[in-house]
Amino acid sequence: MTTLGVTGGIGSGKTTVCGFLAEQGARVFYADLEARRLMTEHDGIRDDITNAFGDDSYQEDGSLNRAYLADVVFNSPENVEKINAIVHPRVHEAFAKTAERARDEGVEVLVHEAALIFESGGDKHLDAVAVVVAPDEERIARVVDRDDTTPDEVRARMSHQLSQDELRRRADYVVENDGSLDDLRQKSIDLYRTITGP
């Protein structure tokens, strides 16, 4: 089994690439979704987040107060590091368990989709990493439309991530999302065939 990281800056199209890889037969572990689940359901993480950022981190119904945390965390590099140190190790543990199951079930390619693969050290546990890149203005427009946010807020989030040049430098594979959706699908298929080929 090959483990492939898929990463890229916010709005780059990495989730779309993962969907195309899944169409080819890959199994996809979505780290951000897993992180959200753990932040809600994992008692240790809940305690650590509440201790670090206060009781307002969770709503009265027990759900994550995403707006509050985004405001507190993304405006402070120190708080970004703090929440990553709480959540990332548990996400890596969850991926290790997923990989074990996938191997037992004969999965050929297991994809680890995450925005911060390199920053979290996740690349050390993977066979290869593919980076999805796209023009900045297209990324910003996508996220503004998707998240009902402002361009300045998107740029602030982008500033906490590695630059696309740095991502290219670290990548084993680069997927250029600079054309149509059909183009991106074909590039994803080509990537899958490269990984599973002889």
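For clarity, every value in this text was computed on a predicted model and none was experimentally measured.
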> Would you find a donor on one side and an acceptor on the other, under 3.5 Å apart, between the side chain of Gln161 and the backbone of Ile10?
Replying inline: yes
> Less than 4.5 Å apart, any side-chain heavy atom of Phe118 and any of Val131?
Replying inline: yes
> Can you list every pair that meets salt bridge (Lys or Arg N to Asp or Glu O under 4.0 Å) and has a residue in residues 105-123, with sequence neighbours left out?
Replying inline: Arg27-Glu105
>> Please determine whether salt bridge (Lys or Arg N to Asp or Glu O under 4.0 Å) holds for the pair Asp145 and Arg142, giving the CA-CA distance in whole Å, both sets of side-chain angles, and the decisive distance to 0.1 Å.
In response: CA-CA 5 Å; Asp145 188 50; Arg142 273 189 212 120; over 6 Å; no
> Are any non-hydrogen side-chain atoms of Glu34 and Thr98 less than 4.5 angstrom apart?
Replying inline: no
>> Holding to side chain to side chain contact (heavy atoms under 4.5 Å, CB included), I want the full list of residues that pass it with Ser163, two or more places apart in sequence or in another chain.
In response: Asp165, Glu166
>> Quick check: is Val107 connected to Val28 through a chain of hydrophobic side chains (ILVMFWY, heavy atoms under 4.5 Å apart)?
In response: no
> Roughly how far, to the nearest 0.5 Å, is OG1 of Thr7 from CZ of Arg170?
Replying inline: 10.5 Å
>> Using the side chain to side chain donor-acceptor pair (under 3.5 Å) criterion, which residues pair with Asn79? Sequence neighbours excluded.
In response: none
> So, does Asp127 use its side chain to make a donor-acceptor pair with the main chain of Thr3 at under 3.5 Å?
Replying inline: yes
> Nearest heavy-atom pair of Tyr30 and Cys18: which atoms, and what distance?
Replying inline: OH-CB, 3.7 Å
>> Tell me whether Val6 shares a hydrophobic cluster with Leu110, the cluster being built from Ile, Leu, Val, Met, Phe, Trp, Tyr side chains joined at under 4.5 Å.
In response: no
> Would you call Leu64 and Tyr58 a side-chain contact if the rule is heavy atoms closer than 4.5 Å?
Replying inline: yes
>> Test of understanding: clusters of I, L, V, M, F, W, Y form through side-chain heavy atoms closer than 4.5 Å, transitively. Do Ile117 and Tyr173 belong to the same one?
In response: no
> Taking all atoms of both residues into account, what is the closest heavy-atom pair of Gly11 and Arg139, and its distance?
Replying inline: O-CG, 3.5 Å
>> For Ala26 versus Val111, what's the shortest heavy-atom pair and its separation?
In response: CB-CG2, 4.0 Å
> Under 3.5 Å, side chain of Asn84 to main-chain N/O of Val80, donor-acceptor pair present?
Replying inline: yes
>> Within this structure, what is the CD1-CD1 distance for the pair Ile45 and Ile86, rounded to the nearest 0.5 Å?
In response: 8.5 Å
> Hydrophobic cluster mates of Leu116, side-chain heavy atoms under 4.5 angstrom, ILVMFWY only, any path?
Replying inline: none
>> Go through it in stages, so that I can follow the logic: the residues are Thr196 and Thr2, the test is side chain to side chain contact (heavy atoms under 4.5 Å, CB included), and I'd like the CA-CA distance, side-chain angles, deciding distance and then a yes or no.
In response: CA-CA 8 Å; Thr196 57; Thr2 300; over 6 Å; no
> Mind checking whether Met158 and Val143 have side chains closer than 4.5 Å, heavy atoms only?
Replying inline: no
> Does anything in residues 65-79 pair up under salt bridge (Lys or Arg N to Asp or Glu O under 4.0 Å), and if so which pairs, sequence neighbours excluded?
Replying inline: none
> Under 3.5 Å, side chain of Ser76 to main-chain N/O of Val73, donor-acceptor pair present?
Replying inline: no
>> Please give me the minimum heavy-atom distance between Leu126 and Gly5, naming the atom from each residue.
In response: CD1-CA, 3.6 Å
> Per the side-chain contact (heavy atoms from CB on, under 4.5 Å) rule, which among Leu191, Leu181, Val175 passes with Phe20?
Replying inline: Leu181
> Looking at residues at least two apart in the chain, or sitting in another chain, which of them share a ring pair (Phe, Tyr, Trp, His ring centres under 6.0 Å) with Phe95?
Replying inline: Phe29, His112
> Which residues pass the side chain to side chain donor-acceptor pair (under 3.5 Å) test with Ser63, sequence neighbours left out?
Replying inline: Asp61
>> Could you see if Val133 belongs to whatever hydrophobic cluster contains Val17? Use Ile, Leu, Val, Met, Phe, Trp, Tyr and a side-chain cutoff under 4.5 Å.
In response: no
>> Tell me every residue that passes ring pair (Phe, Tyr, Trp, His ring centres under 6.0 Å) with His92, counting only those two or more places apart in sequence or in another chain.
In response: His125
> Between Leu38 and Val87, does a side chain to side chain contact (heavy atoms under 4.5 Å, CB included) hold up when you go through it step by step?
Replying inline: CA-CA 8 Å; Leu38 290 170; Val87 178; 5.7 Å; no
>> Strictly by salt bridge (Lys or Arg N to Asp or Glu O under 4.0 Å), give each pair with a member in residues 84-103 just once, sequence neighbours left out.
In response: Asp48-Arg90
> With Arg146, which residues qualify under side chain to side chain donor-acceptor pair (under 3.5 Å), at least two apart?
Replying inline: none
>> Going by the rule side chain to side chain donor-acceptor pair (under 3.5 Å), which residues pair with Thr149 if we only count those two or more places apart in sequence or in a different chain?
In response: Glu153
> Under the salt bridge (Lys or Arg N to Asp or Glu O under 4.0 Å) rule, what pairs show up with a residue in residues 177-193, not counting sequence neighbours?
Replying inline: Glu23-Arg185, Asp178-Lys187, Asp182-Arg185
> Looking at Lys14 and Asp32, does any basic side-chain N land under 4.0 Å from a carboxylate oxygen?
Replying inline: no
> Heavy atoms, side chains only, cut-off 4.5 Å: are Ile195 and Leu4 in contact?
Replying inline: yes
> Any donor and acceptor pair, going by atom type alone, linking the side chain of Asn177 with main-chain N or O of Ala134 inside 3.5 Å?
Replying inline: no
>> Minimum heavy-atom separation for Ala31 and Val91, please, with both atom names.
In response: CB-CG1, 3.9 Å
> What are the two closest non-hydrogen atoms of Ser12 and Gly9, and how far apart are they?
Replying inline: OG-O, 2.8 Å
> Is any side-chain heavy atom of Asp55 closer than 4.5 Å to a side-chain heavy atom of Thr50?
Replying inline: yes
>> Whether the side chain of Arg46 engages the backbone of Gly62 through a donor-acceptor N/O pair (distance < 3.5 Å, no angle test) should be reported.
In response: yes
